Protein chains: 2
Amino acid sequence: MLKYQEISIEIEKYIEENALQQGDKLPVLETLMAQFAVSKSTITKSLDLLEKKGIIFQVRGSGIFVRRHKRKGYISLLSNQGFKKDLEDFQITSNIIELDVRTPTEEAAHNLNIEPNADVYYVKRIRYINGQTLCVEESYYNKSIISYLNKEIVSESIFNYIREGLGLKVGFSDSYLHVEKLNDEEANYLGLNKGDPKLYVEGIFHLTNGQPFDFSKVTYNYQQSQFFLQSNGYLL
Amino acid sequence: MLKYQEISIEIEKYIEENALQQGDKLPVLETLMAQFAVSKSTITKSLDLLEKKGIIFQVRGSGIFVRRHKRKGYISLLSNQGFKKDLEDFQITSNIIELDVRTPTEEAAHNLNIEPNADVYYVKRIRYINGQTLCVEESYYNKSIISYLNKEIVSESIFNYIREGLGLKVGFSDSYLHVEKLNDEEANYLGLNKGDPKLYVEGIFHLTNGQPFDFSKVTYNYQQSQFFLQSNGYLL
DNA sequence: TCGATAAATTATACCGGTACAATTACAATA
DNA sequence: TATTGTAATTGTACCGGTATAATTTATCGA
């Protein structure tokens, strides 16, 4: 583990343990430098990471402050961790409907940047949160990257498996979302009615080297669809 | 303008002008250092900024590559620029229904972190995109920060006015979104039907010093609600 | 020709420094 | 008391360096 990552975790833990509130001030840079016995640039990097994550904000000439946000019950849209990470407080389960190797749809092939006749793992599942339907999810995994999958792995955290089991590094993701009306089939899966609101999210997940490995299409139960989102603004 | 910001703009322009595609490689660090005649850390900072904005991604040992994403017609959810910035290609207009000084609702006061009897500017407007209703928007501006507003300013870019006119610096924002069904009034405003899908977004906008100055509640026309979102993953 | 191994390439981590800009605290002044 | 100017505080920009980890390319051996 890198120094600046460790430090950022330490600081986050410190905020947690001391129950610091929005606007509370952290020790100044110089203190932190001394405390962790590293150079200014390393501390700065830790703080930049925390800022990016929305944990703190820094004000020049003034100090470093906690930015406590997150209303309870919201899922953060920022983070590639899949669900397990964000929803530790909740009871998340899932029911795998299909899991097989097949050739991708044209759409999936395009988004995964593979040939139409290449192999993909296809996974269709329903996720539940505290017993309620959360979403219906269809995922296509590039089999030349994700060489093996089974029900056990899929039931646990796929992303963990990709990192730990396969030793791959998850990088960035692009998501596209819009709102529509449910059709019959979707309504059926979610236990809702045709015409009810539907939050639809497409996600393309990439390794750090830029290769897309997962293309997912998710339809959320609107009653469960509370998302959180933050931005730090690029003021150019 | 700071060096690393200028450079990041230059590089972005370079990508644009040379029509570089997803995966195309940029010059290596050393070349960029020489080209812009700055130190490694400055270039690195420019690249980090571009990475944060989703323009590029960097691969250690390999190079710097363009990450071209953005499907056409999607509005980026990340960025504090309000609308004008993201939707330059579109015809955005708005119809201001109300604009006055008043005391905030309890909810608004809470989110703006002000007393219930403090003054706020209240703005209610309908936005149109290419002649279609895009959203109904209610905003509360902390009057002790945004000391003056009028219809002309509101019709133009408020955020520009805040930066240029008032000399304030917009920092970060937190947004919360969920999906519901439209009620009668909302349906009426948007030209839709009661019970139709509703994408509802609450946003709290802060200055760089952490003060919230704008609390907004936006109800989107689901037919127009196509959003884009990206994440760079914090792999700790 | 293929696979393993070594070498070169390339971005990232980390150091420690100077200068500067924004904010805050304080003192002086009216 | 309020205001204005000044100094201290504090984070950010930028430099230039060494070492290292990931990747790609070249080299060698079978």
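To find a chain, count down the sequence lines: A is the first, B the second, and so on, and within it residues start at 1. Keep in mind that what you see is a predicted model, and the values were worked out from it rather than measured.
- With C:dT12, D:dC15, C:dC15 as the candidates, the nucleotide lying closest to the side chain of B:R60 is C:dT12.
- Nearest-nucleotide positions on DNA chain C for B:Q58 and B:N209 put B:Q58 closer to the 5' end.
- For B:K169, whose side chain is taken as the heavy atoms from C-beta onward, the closest listed nucleotide among D:dC15, D:dC14, C:dT23 is C:dT23.
- Contact annotation for B:L29: base contact, defined as any heavy-atom pair under 4.0 Å involving a base atom.
- Within 4.0 Å (heavy atoms only), A:S41 reaches at least one base atom of the nucleic acid.
- A salt bridge does not link A:K3 with A:E10: none of the charged nitrogens is closer than 4.0 Å to a carboxylate oxygen.
- Out of D:dC14, C:dC15, D:dT23, the shortest distance to the side chain of B:V59 is found at D:dT23.
- Aromatic ring pairs are classed by plane angle as parallel below 30°, tilted from 30° to 60° and perpendicular above 60°; the pair A:Y148 and A:Y121 is perpendicular.
- Atom NZ in B:K45 sits roughly 15 Å away from atom P in C:dA13 (whole-Å rounding).
- The distance from atom CD1 of A:I43 to atom P of C:dC15 is 9 Å, rounded to the nearest whole Å.
- Put simply, NZ on A:K25 is 12 Å from P on D:dT9, counting in whole angstrom units.
- Spacing between atom CZ of A:F57 and atom P of D:dT12 amounts to 12 Å, rounded to whole angstrom units.
- Between A:K3 atom NZ and D:dT18 atom C1' there is a gap of 13 Å when expressed in whole angstrom units.
- When each of A:I43, A:D24, A:I56, A:I11 is checked for a side-chain contact (heavy atoms from CB on, under 4.5 Å) with A:I64, only A:I56 meets the rule.
- Rounded to an integer number of Å, the gap from CD of B:E30 to P of C:dT10 is 8 Å.
- The interatomic distance linking A:F65 (CZ) with D:dT10 (P) rounds to 10 Å, in whole Å.
- Taking atom CG of B:D48 as the reference point, atom C1' of D:dT12 lies 15 Å away to the nearest angstrom.
- For A:T42, a side-chain nitrogen or oxygen approaches OP1 or OP2 of C:dC15 to under 4.0 Å.
- Contacts of B:I64 with the nucleic acid, taken as non-hydrogen atoms under 4.0 Å apart, involve only primed sugar atoms and P, OP1 or OP2.
- Looking at heavy-atom distances under 4.0 Å, A:K40 makes contact with a base.
- Salt bridge B:E12/B:K53: present, at least one basic N to carboxylate O contact under 4.0 Å.
- Using a 4.0 Å cut-off between a side-chain N of Lys or Arg and a carboxylate O of Asp or Glu, A:K217 and A:E107 qualify as a salt bridge.
- If you check every strand for non-hydrogen atoms under 4.0 Å, B:S62 touches sugar and phosphate atoms only.
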